[in-house]
Amino acid sequence: MANTDYSVPASAVHAVLREKGVNAVTTVPDFIQFALHDRLKNDPDMTYLECSAENQALTTAMGMYVGGLEPIVMMQNQGLLNCLNSLRSVGIDGSIPLVLFVGAFGREFSNLGQPLTDSRRVMVNRTQPVVEALGLPFYNLETPGDLPKVAEAFDTARATKRAAVVHFGYFPAWN
Amino acid sequence: MSMTNFQACGVIHQFRGDALITNTMSAMFAISAVSPSPLNLASVPLMGGASGLGLGLAIAQPNRQVMVLDGDSSLLMELGTLAQIGDVAPANFIHFVFNNSLQFSGVANLDRPGRNLDFCAVALGAGYASAQKIETPEALAAAMPELLEQNGPHMVELIIRAPEKFTHETPQPEIPELQFTRMGAESAAMMDALGTTR
Ligand SMILES: Cc1ncc(C[n+]2csc(CCOP(=O)(O)OP(=O)(O)O)c2C)c(N)n1
């Protein structure tokens with residue numbers, strides 16, 4: 001497979017977000033998800049808030065959710081490690097079904113198609129074990145065929161009233 | 001001059017109406033006792049979360065009054081939140097910082113960082129519409145009508161006198177179970193009250 005074969009079109013992810021009623025984003029932006037950031041920021045139906053740190057993206061998303069909006073939180077793998085305590089509080093103790101979009105910054109292309117845990121880079125190979133250690137579901141998007149996992153993440157988060165992580169193993173495409 | 005957490009929360013109670021109040025730390029204990037309501041949401045155990053929760057509520061419920069009852073060290077932990085509050089500039093938003101210059105108020109009364117930090121200056125620098133330091137319950141009561149009437153976001157730094165710390169004669173109690181479940185329970189109660197449960 002060529003590297004580009006791993007890209008999920010950002011437009012397809014955007015369509016799932018619409019289908020799931022998502023109308024807000026809080027974020028510290030992610031290098032991997034640029035194409036998606038670009039789309040969501042320019043969607044007039046989306047409240048899009050840049051935050052100074054991931055803890056704030058999570059607590060602000062919780063406030064939005066309680067107030068009636070349907071936010072997602074976008075960050076990169078370093079950001080996830082930056083906000084574990086807020087994730088525990090908001091996504092588990094607080095029972096807020098937030099879906100986090102997390103990008104695999106630093107993933108070497110030679111790891112594509114291989115287990116994330118085999119990556120040479122700590123921030124890539126520890127992300128899934130950390131999320132699973134919190135007892136939260138982890139959905140890795142590896143190829144366009146994985147797109148249904150995005151909707152599944154929303155369904156699981158909403159059914160269990162807990163956070164869920166959608167992990168972008170590769171750049172979503174700009175189409 | 002200074003006031004206690006309970007005095008400050010007593011005044012806030014008189015003026016809150018149907019405001020949504022996010023709260024944390026020693027202000028949480030005071031507001032819960034003085035002004036219990038399904039419209040209160042504690043950030044616990046979550047240091048620094050009250051301002052983000054309040055901003056999210058203000059974005060989702062722009063016509064509601066939102067009040068944040070923050071700790072001084074808690075705000076320092078998530079000081080960057082002032083940047084977003086300045087950007088969004090919610091009109092019905094009052095950010096109270098319970099400044100006792102301590103952390104673990106009434107428990108250990110430890111010093112906090114930022115002895116030279118001016119919360120009002122930082123808030124104004126971030127784009128808050130107003131900022132003021134208030135030292136007595138009377139002055140707070142006098143300021144409230146205008147804070148509610150004028151467009152925010154407003155920063156109100158309350159100068160708080162902390163209770164005595166624990167000693168050997170007053171041993172630390174176990175933290176009640178409630179404190180570990182209340183964030184979920186209170187967010188559910190607030191959603192019920194707002195009609196946003198799903
Ligand atoms: C992430 C994190 N680090 C440390 C603590 C321990 N802790 C609990 S309360 C507190 C100080 C809070 O101070 P402040 O916000 O000023 O509230 P006050 O005690 O003065 O009411 C600290 C450091 C914590 N709860 N969370």
Side-chain angles (χ1 to χ4, degrees), chain A residues 20-29 41 45-75 79 82-99 154-155 157-163, chain B residues 20 22 24 38-64 66 68 70 74-75 77-88 90 93 126 179-198:
Chain A
K20 292 295 174 189
V22 172
N23 53 17
V25 177
T26 65
T27 185
V28 177
K41 189 167 174 54
D45 298 327
M46 202 64 81
T47 297
Y48 185 97
L49 184 73
E50 280 100 359
C51 296
S52 306
E54 289 80 6
N55 288 320
Q56 298 152 29
L58 281 170
T59 53
T60 306
M62 175 169 175
M64 287 176 169
Y65 181 85
V66 172
L69 291 174
E70 290 292 345
I72 59 164
V73 185
M74 296 174 72
M75 62 181 70
N82 207 20
C83 68
L84 290 181
N85 187 48
S86 297
L87 180 56
R88 180 274 308 157
S89 183
V90 168
I92 303 174
D93 292 341
S95 305
I96 306 298
L98 288 178
V99 175
F154 281 93
D155 296 343
R158 290 169 182 180
T160 58
K161 295 209 180 303
R162 280 191 164 202
Chain B
L20 307 177
T22 69
T24 196
L39 304 181
N40 296 346
L41 176 57
S43 182
V44 66
L46 180 60
M47 184 172 173
S51 55
L53 291 171
L55 175 61
L57 286 169
I59 291 170
Q61 299 270 331
N63 297 321
R64 277 270 179 169
V66 173
V68 176
D70 221 339
S74 293
L75 177 57
M77 186 171 270
E78 301 298 342
L79 198 60
T81 200
L82 297 180
Q84 290 93 264
I85 295 167
D87 283 345
V88 174
F93 191 91
Q179 203 151 317
F180 299 91
T181 54
R182 68 185 287 172
M183 222 167 149
E186 290 186 0
S187 56
M190 189 182 274
M191 287 191 280
D192 246 18
L194 293 174
T196 59
T197 305
R198 61 269 196 219

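In what follows, chains carry the letters A, B, and so on, assigned in the order in which the sequence lines appear, proteins first and then strands, with residues in each chain numbered from 1. Predicted model, so just to flag it, every value in this text is computed and none were measured.
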Option in [options] with maximal non-hydrogen atom pairs under 4.5 Å from chain B:
options                            : result
A:Gly94, A:Pro97, A:Ala53          : A:Gly94
A:Asp93, A:Val90, A:Ile92, A:Thr47 : A:Asp93
A:Ser95, A:Ser89, A:Pro71          : A:Ser89

*asked:* Using modelled atom types and a 3.5 Å cut-off, is there a donor and acceptor pairing between side-chain atoms of B:Thr196 and backbone atoms of A:Gly67?
replied: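 No: the side chain of B:Thr196 does not pair with the backbone of A:Gly67.
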_When you compare the side chain of A:Thr59 with that of B:Ser43, does any pair of heavy atoms fall below 4.5 Å?_
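Sidechains of A:Thr59 and B:Ser43: no contact.
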*Close side-chain approach of B:Glu78 to A:Cys51, heavy-atom, < 4.5 Å*: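 B:Glu78 does not reach A:Cys51 side chain to side chain.
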*Verify side-chain contact (heavy atoms from CB on, under 4.5 Å) between B:Leu55 and A:Leu49, making sure each step is shown before the conclusion.*
CA-CA 11 Å; B:Leu55 175 61; A:Leu49 184 73; 4.0 Å; yes
_chain A contact via B:Arg198 - which portion, at a heavy-atom distance below 4.5 Å_ =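 For B:Arg198, the contact with chain A is made by backbone and side chain together.
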*Quick one: what part of B:Val66 sits under 4.5 Å from any heavy atom of chain A, side chain, backbone, both or neither?*
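Neither part; nothing is under 4.5 Å.
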_I need the minimum non-hydrogen distance between A:Gly68 and B:Ala60, along with the two atoms involved._
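Shortest heavy-atom contact: N-CB, 4.3 Å.
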*Can you name the nearest heavy-atom pair linking B:Met191 to A:Val66, along with the distance?*
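That would be CG-O, 3.6 Å.
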*asked:* Counting heavy-atom pairs under 4.5 Å with chain A, which one of B:Met183, B:Gln84, B:Gln61, B:Glu186 comes out on top?
replied: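 Of B:Met183, B:Gln84, B:Gln61, B:Glu186, B:Gln84 has the most heavy-atom pairs under 4.5 Å with chain A.
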Region of [X] in contact with chain B, defined by heavy-atom distances below 4.5 Å:
X       : answer
A:Leu58 : neither
A:Ser86 : both
A:Arg88 : side chain

